[in-house]
2 protein chains.
Amino acid sequence: MRILLIEDDESLADGIATALRHEAYAVDRAGTGREGIALAQAAQPDLVILDLGLPDLDGIDVLKSLRQKGIHCTVMILTARDALRAKIQGLDAGADDYLTKPFAVDELLARLRALERRSGVSRSPDILIGDVVINTASHEVLLNGEAVKLSRREFSLLRALAERPGHILSREQLEDKLYSWGEEVASNTVDVHIHNLRKKIYPEFIQTIRGVGYKLGPGR
Amino acid sequence: MRILLIEDDESLADGIATALRHEAYAVDRAGTGREGIALAQAAQPDLVILDLGLPDLDGIDVLKSLRQKGIHCTVMILTARDALRAKIQGLDAGADDYLTKPFAVDELLARLRALERRSGVSRSPDILIGDVVINTASHEVLLNGEAVKLSRREFSLLRALAERPGHILSREQLEDKLYSWGEEVASNTVDVHIHNLRKKIYPEFIQTIRGVGYKLGPGR
DNA sequence: GGGGCAAATTAAGGCAAACTTAAGAGTCCG
DNA sequence: CGGACTCTTAAGTTTGCCTTAATTTGCCCC
């Protein structure tokens, strides 16, 4: 799950980004509207968090511009308290949710999970695949009812695969889901995490399609 | 994935149909309940989107009628906001999901993806040739319901042939499909893969046109 | 019926993809 | 500040696929 954060207040952006990364999201950041639009096209995020009070462009225009460029991912708007008109405009322009400043980061995270669920990126809070239950909210994974302890990256990887059971994801696609810009990896990291996941769950749970990628499940 | 849209509001139906087609669904349309029931029988859709406010019949009755006629595909209901009673009736009558108007098209698409996943019908159209099913998303191939394990090249070859059943593809054309520029082969590789495919499926599945190439036929 | 060419068959070597392991750097937390 | 844990690298190993090429079979036309 890859998130683009468009926010000019640097300390706030720092805080949000840290919290998000902690929740195993990959985060890209933009400080201006133009930068945001550019990054949205380049990085193909699953979700955009958009502050309406940007220095260069009006937030609503940014949103419209995104939609116009064919970027239809979920968008959450951040706005100052009582800027009701802006909210309404935002929703009309195709935003999916809004949050008024100031807000608690936990609130943001909760909303994100709700959006995630609603947008069908991962529908039910618990994804069920074979004898494995994945709870995206708590980051808990159960194998036959027994908790499996996964690290952050392992969980991200598993979630990425679990969003579309049976579908094959290439290493490249998986890396895109796990890493933000500027922290690309240049090794077989994905392989290693896959290996560790298999050890913690069971080997056949993740299938290798040689020369193509990995997929989850008995496949269909 | 084939969708039947039963909706009398023409402009709304236009919008939905366009969005769906854009997502590579095949869409049939009906403006009335009767038309809808007729089309559902004729077109055999995988999913029905049913507006409850139709001019001729009550939406719930349409749904019941469909079920009665043995059409058990997934059904998503569209209903005006707050028509709670209708929703409940709808779910009782065997609908799988509902959406209240007005709604964002993205929301509809997200719900569809969720339903798709739940029902196991895949949008990436499974190619069906004779008794062989080819799923391009998962690289799975089923022969009479039994999985056939294919290697990457074998799968590519099969897919190339299956994209246009009955059409003859020359060795050269097939090589072009399998290899990127600069990695041309200089031997009978294609022949060998064809042979292995025949062994894994059954010989007559792939037909040889002497001096020309290969094609996929309904075979038996 | 026979020559010649196209396609089928088979087996083996080479090679790249994927797996495995371990170690060092980095991070978090008490 | 120290210890635990996680992540990334990289090197070594294994596995399985692909290609090659030699041989056999089958077809068509002379």
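In what follows, chains carry the letters A, B, and so on, assigned in the order in which the sequence lines appear, proteins first and then strands, with residues in each chain numbered from 1.
Rounding to whole angstrom units, CG of residue B:Leu178 and P of D:dC18 are separated by 10 Å. Per the geometry, CG belonging to A:Asp191 stands 15 Å off P belonging to D:dC7, to the nearest Å. A:Leu197 has its CG atom 12 Å from the P atom of D:dT6, to the nearest Å. When rounded to the nearest whole Å, the span between CD of A:Glu175 and P of D:dC7 equals 15 Å. Atom NE2 of A:His195 is separated from atom C1' of D:dT9 by 16 Å (rounded to the nearest Å). Here the P atom of nucleotide D:dT8 and the CD1 atom of A:Ile194 are 13 Å apart, to the nearest Å. For the pair B:Gln207 CD and D:dG26 C1', the computed distance is 17 Å after rounding to whole Å. Computed from coordinates, the A:His22 NE2 to D:dT6 P distance equals 12 Å when rounded to whole Å.
With A:Asp28 contributing its side chain and A:Leu4 its backbone, the two residues share no donor-acceptor pair below 3.5 Å. Without hydrogens or angle criteria, B:Asn144 side chain to B:Glu146 main chain gives no donor-acceptor distance under 3.5 Å. Here the side chain of A:Arg159 pairs a donor or acceptor atom with the backbone of A:Ala24 at under 3.5 angstrom. Under a 3.5 Å cut-off, the side chain of A:Arg2 and the backbone N or O of A:Tyr179 do form a donor-acceptor pair.
The side chain of B:Arg152 places no N or O atom within less than 4.0 Å of a non-bridging phosphate oxygen (OP1 or OP2) of D:dG16. Side-chain N/O atoms of B:His193 include none lying less than 4.0 angstrom from OP1 or OP2 on D:dC17.
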### Message
Assess the residue pair B:Lys215 and B:Leu169 against the criterion (side chain to side chain contact (heavy atoms under 4.5 Å, CB included)); give the C-alpha distance rounded to whole Å, side-chain angles, the decisive distance to 0.1 Å, and a yes or no.
### Response
CA-CA 6 Å; B:Lys215 74 166 188 181; B:Leu169 288 175; over 6 Å; no
### Candidate pair A:Phe205 and A:Lys200, rule side chain to side chain contact (heavy atoms under 4.5 Å, CB included), full reasoning
CA-CA 10 Å; A:Phe205 186 64; A:Lys200 289 186 180 179; over 6 Å; no
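Each end of the helix from C:dG1-D:dC30 to C:dG30-D:dC1 gets its own axis from five base pairs, and the two axes differ in direction by 30°, given to 10 degrees.
Among the heavy atoms of the strands lying under 4.0 Å from A:Ser187 is at least one base atom, whether or not backbone atoms are also near. Among the protein residues, A:Thr189 comes within range of the nucleic acid bases, having at least one heavy atom under 4.0 Å from a base atom. Counting any heavy atom pair closer than 4.0 Å across all strands shown, A:Lys149 reaches sugar-phosphate atoms only and no base atom. Among the protein residues, A:Phe155 comes within range of no part of the nucleic acid, since none of its heavy atoms lies under 4.0 Å from any strand.
Under the ring pair (Phe, Tyr, Trp, His ring centres under 6.0 Å) criterion, A:His139 pairs with A:Phe155, sequence neighbours left out. Scored by the side-chain contact (heavy atoms from CB on, under 4.5 Å) test, B:Arg171 finds B:Val190, B:Asp191, B:Tyr214 as partners (sequence neighbours excluded).
For the pair B:Val192 and A:Val185, nearest-nucleotide mapping onto DNA chain D gives the more 5' position to A:Val185.
With a 6.0 Å cutoff to the six-membered ring centre and a 45° limit on the axis angle, A:Arg152 does not count as a cation-pi contact of A:Tyr25.
A ring-ring contact (aromatic ring centres under 6.0 Å, His included) check over residues 28-65 of chain A, counting only residues at least two apart or in different chains, returns nothing.
Taking the charged nitrogens against the carboxylate oxygens, A:Glu154 and A:Lys149 have no contact shorter than 4.0 Å, which rules out a salt bridge.
In summary, the side chains of A:Asp131 and A:Tyr202 do present a donor paired with an acceptor at a separation below 3.5 Å, with no hydrogens or angles considered.
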Can you give me the N/O atom pairs linking the protein to nucleotides 11-14 of chain D at distances under 3.5 Å, or say none if there are none?
from: D:dA11; atom 1: N6; to: A:Asn188; atom 2: ND2; distance (Å): 3.3

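Using a 4.0 Å cutoff to heavy atoms of chain A, the contacted part of DNA chain C runs 5' to 3' from C:dA17 to C:dT21.
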